[in-house]
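Have a look at the structure below before the remarks.
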Amino acid sequence: DDFEAAPVDSLPAGASTLGEEGTARIRVTDETAASGKHSLKFTDASGLQNAFNPHLVYAPSLHKGFATGLFAVRIEPGAILFHEWRDSKSPYRIGPSLWITGAGDLTVGGKVLAKVPLSEWIQLRVECKLGKQADGTWSLMLTQPGQEPRRFDGLAYGSKEFRHLDWYGFVSNATEAATMYLDDIDLKTE
């Protein structure tokens, strides 16, 4: 989804937005975009019941093959992105999971992999085997302005038992007023 067909201030199609309260919301905007003229703006706020609000979730129900998730993100100072793949079990099992802090730290499993620029668009590509092919590891490719793409292989799932992608989430995890943007979300399997 590149959000180009969506009107400004509309909800994203094909996904659920959760935890919107007060000024915390997720809407299509024309303030900035990685490509085209529209993107998705996450506006976080202080005093929310849960730090993981607001968040955006797709329910793809992918159970086999080689999955690739690609998206562009722009983190503004103070914002925190939490992106995770989960199954629908209870309790859920976690596959790929990453964080980007408002200071620009890209982390996986508590380890800083790279420093990313704030207030600039970057692109992330997550690759993961699903179903019987799942081996407990995933790969990440980071593309940022003016640099060669960087690849990180052999990253561990959050749960060794993760096999199916049923919850594809983007979480604004700040506890104060902060903004981040998403664009060009693409998820597929081969």
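Because the structure is predicted, anything quoted here is derived from the model rather than measured. Computed over heavy atoms, backbone and side chain alike; hydrogens, waters and symmetry mates excluded.
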Problem set entry | Residues forming a side chain to side chain donor-acceptor pair (under 3.5 Å) with Lys64, sequence neighbours excluded |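 For Lys64 there are no side chain to side chain donor-acceptor pair (under 3.5 Å) partners, ignoring immediate neighbours.
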
Exercise. Do Leu113 and Leu140 pass the side-chain contact (heavy atoms from CB on, under 4.5 Å) test, and can you show the C-alpha distance, the side-chain angles, and the key distance before you say yes or no?
Worked result: CA-CA 10 Å; Leu113 298 183; Leu140 174 66; 4.1 Å; yes

Review item, side-chain donor-acceptor pairs of residues 101-112, under 3.5 Å, at least two apart:
residue	atom	partner	partner atom	Å
Thr101	OG1	Ala103	N	3.2
Thr101	OG1	Gly104	N	3.4
Thr101	OG1	Asp105	N	3.1
Asp105	OD1	Lys115	NZ	3.0

Taking every non-hydrogen atom, the tightest pair across [X] and [Y]:
| X | Y | answer |
| --- | --- | --- |
| Thr23 | Ala45 | OG1-CB, 3.4 Å |
| Asp87 | Phe162 | N-CE1, 3.9 Å |
| Trp138 | Glu127 | CB-O, 3.2 Å |
| Val116 | Gln144 | CA-OE1, 3.5 Å |
| Thr143 | Pro149 | OG1-CB, 3.8 Å |
| Arg150 | Ala114 | NH1-CB, 3.4 Å |

Exercise. Under the side-chain contact (heavy atoms from CB on, under 4.5 Å) criterion, do Thr137 and Leu155 qualify, and how do the steps go?
Worked result: CA-CA 5 Å; Thr137 66; Leu155 302 170; over 6 Å; no

Which distance, rounded to the nearest 0.5 Å, do you find between the [atom1] of [X] and the [atom2] of [Y]?
| X | Y | atom1 | atom2 | answer |
| --- | --- | --- | --- | --- |
| Asn173 | His55 | CG | NE2 | 10.0 Å |
| Ser10 | Leu40 | OG | CG | 8.5 Å |
| Asp44 | Phe52 | CG | CZ | 12.0 Å |

Through direct or indirect side-chain contacts below 4.5 angstrom among Ile, Leu, Val, Met, Phe, Trp and Tyr, which residues connect to [X]?
| X | answer |
| --- | --- |
| Val8 | none |
| Tyr181 | Trp121 |
| Tyr92 | Ile94 |
| Leu48 | none |

Problem set entry | Check: His83 ring centre within less than 6.0 Å of Tyr168 ring centre |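 Ring centres of Tyr168 and His83 closer than 6.0 Å.
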
Same cluster or not: are [X] and [Y] linked, directly or through other Ile, Leu, Val, Met, Phe, Trp or Tyr residues, by side-chain heavy atoms under 4.5 angstrom apart?
| X | Y | answer |
| --- | --- | --- |
| Met141 | Ile122 | no |
| Leu56 | Leu98 | yes |
| Trp167 | Leu124 | no |
| Ile80 | Phe42 | no |
| Phe82 | Ile185 | no |

Problem set entry | Residues that Glu176 engages under side-chain contact (heavy atoms from CB on, under 4.5 Å), provided they are two or more places apart |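 Result, side-chain contact (heavy atoms from CB on, under 4.5 Å) vs Glu176: Ser46.
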
Problem set entry | Pairing residues for Asp2 by the side-chain contact (heavy atoms from CB on, under 4.5 Å) criterion, not counting sequence neighbours |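 Scan of Asp2 (side-chain contact (heavy atoms from CB on, under 4.5 Å), adjacent residues dropped) gives Glu4, Asp183, Asp184.
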
pair [X]-[Y]: side-chain heavy atoms closer than 4.5 Å:
| X | Y | value |
| --- | --- | --- |
| Leu81 | Val171 | no |
| Ser39 | Thr29 | yes |
| Ile26 | Leu18 | no |

Problem set entry | His38 side-chain N/O to Ala6 backbone N/O, donor-acceptor pair under 3.5 Å |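 Such a contact is found between His38 side chain and Ala6 backbone.
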
Scan the side chains in residues 67-76 for donor-acceptor partners under 3.5 Å anywhere in the protein, sequence neighbours excluded, and list what turns up.
residue	atom	partner	partner atom	Å
Arg74	NE	Glu76	OE2	2.5
Arg74	NH1	Thr32	OG1	3.3
Arg74	NH2	Glu76	OE2	3.4
Arg74	NH2	Ser119	O	3.4
Glu76	OE1	Ser119	OG	2.5

Exercise. Which pairs count as salt bridge (Lys or Arg N to Asp or Glu O under 4.0 Å) when at least one residue sits in residues 15-34, sequence neighbours excluded?
Worked result: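 Of all non-adjacent pairs touching residues 15-34, those that pass salt bridge (Lys or Arg N to Asp or Glu O under 4.0 Å) are Asp9-Arg25, Glu20-Arg27, Glu31-Lys41.
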
Exercise. Stepwise, does the side-chain contact (heavy atoms from CB on, under 4.5 Å) test hold for Trp85 with Cys128?
Worked result: CA-CA 10 Å; Trp85 297 24; Cys128 176; 3.6 Å; yes

Exercise. Do Glu161 and Arg163 sit within salt-bridge range, that is, some charged N less than 4.0 Å from a carboxylate O?
Worked result: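 Salt bridge between Glu161 and Arg163, a charged N being under 4.0 Å from a carboxylate O: no.
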
Problem set entry | Pairing residues for His164 by the ring pair (Phe, Tyr, Trp, His ring centres under 6.0 Å) criterion, not counting sequence neighbours |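 His164 satisfies ring pair (Phe, Tyr, Trp, His ring centres under 6.0 Å) with His63 only.
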
For this session: Give the ring-plane orientation class for Tyr58 versus Phe170, where under 30° counts as parallel, over 60° as perpendicular and anything between as tilted.
Result: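 Judged by the thresholds at 30° and 60°, the geometry between Tyr58 and Phe170 is perpendicular.
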
For this session: Would you please test Ser139 and Val126 for side-chain contact (heavy atoms from CB on, under 4.5 Å) and show each step?
Result: CA-CA 6 Å; Ser139 297; Val126 175; over 6 Å; no

Exercise. For Asp135, which residues count as a salt bridge (Lys or Arg N to Asp or Glu O under 4.0 Å) partner, sequence neighbours excluded?
Worked result: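 For Asp135, the residues satisfying salt bridge (Lys or Arg N to Asp or Glu O under 4.0 Å) (neighbours in sequence not counted) are Lys129.
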
